[in-house]
Amino acid sequence: MPASARQRCHAVLAGLVTLATAAVVSLAAPTPAGAADIWTETGSDRADPLTESQGLTSVEVPAGSPNHYTGIGTIPLGLSSRGWNHVGDPDASYNGYSIEPYQRDSGNSKMFRVRAPGGAWSEYVHTLGAGEALNNSWVAVSPDGQWMLSGEWGTMTRLLVLPTPGVNPSTSPSANLPQVATVRLDHAVRDVQGCDFSGPTTLLCSSDDPEGSLFGITKPLLQIDLSAAPNGTADVTGHVTALRQLPLRSSCSGAFEAEGIDYDRRTGTLRVIVISPGFCVLTDSKTYKFSRG
């Protein structure tokens, strides 16, 4: 999410706390004919606008851990006081390292906050490459744990590949976290808010695309099939497919915002956060659940 949009979001949340008004009934936009329905909605949970509004990830280690969510209210004071005022969609390696992506309004770096299985936190900073966008909306850890994908806001034809901080032995909090490769997409994507691996070479991504010109639908669920698993030494290509429109249902009318995504390999459950417009950001924002087929 760009800084200007984030500031508007913060202002809306602050104002809505004291707002008392009747909600305007609105019907969800229908999925257009021909859109693939590979993932079927199976339920939803309310998404808290302060602590569950940006992203989520399922955590396998320690066993029995709850899903880990991020939102405006989960940013530690110590980080926000240093300018890291936005957290994106996190991910976790299968051996228990959780990674949160952070950004600030200016500068030439991004930050990845890592929680080890024992609970200790550390910070890894990535210096922007030539032409790289400042925003840091999401991370996706490869199934082998060694590589981490990251995306940029806007209309893009690439994803960035970095070593997974805290997991890949080449990384250190005292050294720059470098970009080591690129995923070259065969179709442009817009405003991707989260991606997660559902297999060694398959990504599922949530797009906040408000225009619909790229795939014929707004707010699409995307699938990206990679030509090979990321290995940190060579670029790979990615074939992009729009699977369906994400649910856009609320008692209020206005602009929805698609946020983070998680695929839980243990249950085969896909979860995507969709934030409701206007006053209803407080009442009926949802984490939607899907199953394959």
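The first residue of the sequence shown is numbered 1, and numbering continues consecutively from there.
Residue pairs meeting the ring-ring contact (aromatic ring centres under 6.0 Å, His included) criterion with at least one member in residues 167-206, sequence neighbours excluded, are His187-Phe215.
Note: Cys205 SG to Leu221 CG = 8.5 Å, rounded to the nearest 0.5 Å. Atom OG of Ser53 is separated from atom CD1 of Ile275 by 5.5 Å, given to the nearest 0.5 angstrom. Of the inter-residue distances, the one linking Met111 atom CE with Asn136 atom CG reads 9.0 Å to the nearest 0.5 angstrom. In this structure, CG on Leu226 lies 8.0 Å from OG1 on Thr237, to the nearest 0.5 angstrom. The distance from the CG atom of Asp89 to the CD1 atom of Ile273 is 7.0 Å, given to the nearest 0.5 Å. Between the CG atom of Leu149 and the CG atom of Leu160 there is a distance of 8.0 Å, given to the nearest 0.5 Å.
Shown here for Pro247 and Val274, the closest heavy-atom pair between the two residues is O-CG1, 3.6 Å. In terms of heavy-atom proximity, Thr57 sits nearest to Ala92 at OG1-N, 3.3 Å. Leu246 and Ala258 get closest at one heavy-atom pair: CD1-CB, 3.8 Å. Heavy-atom minimum distance, Ser250 versus Asp284: OG-OD1, 3.1 Å. When every heavy atom of Pro277 is checked against every heavy atom of Gly254, the shortest pair comes out as CB-C, 3.5 Å. Between Phe112 and His126, the closest heavy-atom pair is CE1-CB, 3.9 Å.
Side chains of Ser58 and Asn67 form a contact here, defined as non-hydrogen atoms less than 4.5 Å apart. No side-chain heavy atom of Tyr69 sits less than 4.5 Å from a side-chain heavy atom of Thr51. Taking the side chain as every heavy atom from C-beta outward, Leu204 and Asp196 never approach each other to under 4.5 Å. Proximity of Thr233 to Val180: side-chain heavy atoms (C-beta onward) are nowhere separated by under 4.5 Å. Side-chain contact between Glu259 and Gln54: present, with at least one pair of heavy atoms (C-beta onward) separated by less than 4.5 Å. Taking 4.5 Å as the limit, every side-chain heavy atom of Arg184 sits out of range of all side-chain heavy atoms of Thr157. Annotation: side chain of Gln146 is in contact with side chain of Pro169 (closest heavy-atom distance under 4.5 Å).
Side-chain N/O atoms of Ser109 and Arg104 include a donor and acceptor closer than 3.5 Å. In this model, no donor atom of one side chain and acceptor atom of the other lie less than 3.5 Å apart for Asp264 and Thr269.
Criterion: ILVMFWY side-chain heavy atoms under 4.5 Å apart, direct or through other members. Under it, Trp147 and Trp138 are part of a common hydrophobic cluster. No continuous path of ILVMFWY side-chain contacts below 4.5 Å connects Leu134 to Leu162, so the two sit in separate hydrophobic clusters. Side-chain heavy atoms closer than 4.5 Å link hydrophobic residues (I, L, V, M, F, W, Y) into clusters, and following such links, even through other members, never connects Leu128 to Tyr102. Hydrophobic clustering (ILVMFWY, side-chain heavy atoms < 4.5 Å, transitive): Val139 and Leu222 are in distinct clusters. A chain of hydrophobic side-chain contacts below 4.5 Å, direct or via other Ile, Leu, Val, Met, Phe, Trp or Tyr residues, connects Ile38 to Ile261.
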Would you check, one step at a time, whether the test side-chain hydrogen bond (donor to acceptor under 3.5 Å, both in side chains) holds for Glu60 with Ser65?
CA-CA 7 Å; Glu60 297 189 19; Ser65 297; over 6 Å; no
Worked verdict on Thr155 versus Arg190 for side-chain hydrogen bond (donor to acceptor under 3.5 Å, both in side chains)
CA-CA 4 Å; Thr155 303; Arg190 182 179 292 124; 3.0 Å; yes
Residue pair Tyr97, Thr164: steps toward the side-chain contact (heavy atoms from CB on, under 4.5 Å) verdict
CA-CA 9 Å; Tyr97 285 80; Thr164 305; over 6 Å; no
side-chain hydrogen bond (donor to acceptor under 3.5 Å, both in side chains) assessment of His239 paired with Asp225
CA-CA 5 Å; His239 174 62; Asp225 294 298; 5.6 Å; no
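Applying side chain to side chain contact (heavy atoms under 4.5 Å, CB included) to Met148 and the options Val161, Val167, Leu177 leaves one that passes, Leu177. Considering Arg82, Arg115, Arg113 in turn, Arg82 is the only one that fulfils the salt bridge (charged side-chain N to carboxylate O under 4.0 Å, His left out) rule with Glu123. Of the residues listed (Val192, Leu203, Val236, Thr182), the one engaging Leu159 in a side chain to side chain contact (heavy atoms under 4.5 Å, CB included) is Leu203, and it is the only one.
No donor-acceptor pair under 3.5 Å is formed between the side chain of Ser207 and the backbone N or O of Pro220. Here the side chain of Arg271 pairs no donor or acceptor atom with the backbone of Gly260 at under 3.5 angstrom. Looking at Gln179, its side chain does come within 3.5 Å of a backbone N or O of Ala181 through a donor-acceptor pair. One N or O on the side chain of Asp91 and one on the backbone of Val141 form a donor-acceptor pair closer than 3.5 Å. Checking side-chain atoms of Asp191 against main-chain N and O of Gly154 turns up a donor-acceptor pair under 3.5 Å.
A salt bridge links Lys219 with Asp208; the closest basic N to acidic carboxylate O contact falls under 4.0 Å. Under 4.0 Å is where a charged nitrogen must lie from a carboxylate oxygen, and between Glu152 and Arg158 at least one such pair does.
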Would you tabulate the side-chain donor-acceptor contacts of residues 285-293 under 3.5 Å, counting partners in other chains and residues two or more places apart, or write 'none'?
{"residue": "Ser285", "atom": "OG", "partner": "Ser276", "partner atom": "N", "Å": "3.0"}
{"residue": "Ser285", "atom": "OG", "partner": "Val281", "partner atom": "O", "Å": "3.1"}

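Evaluation of the side-chain hydrogen bond (donor to acceptor under 3.5 Å, both in side chains) rule for Ser81 yields no partner, not counting sequence neighbours.
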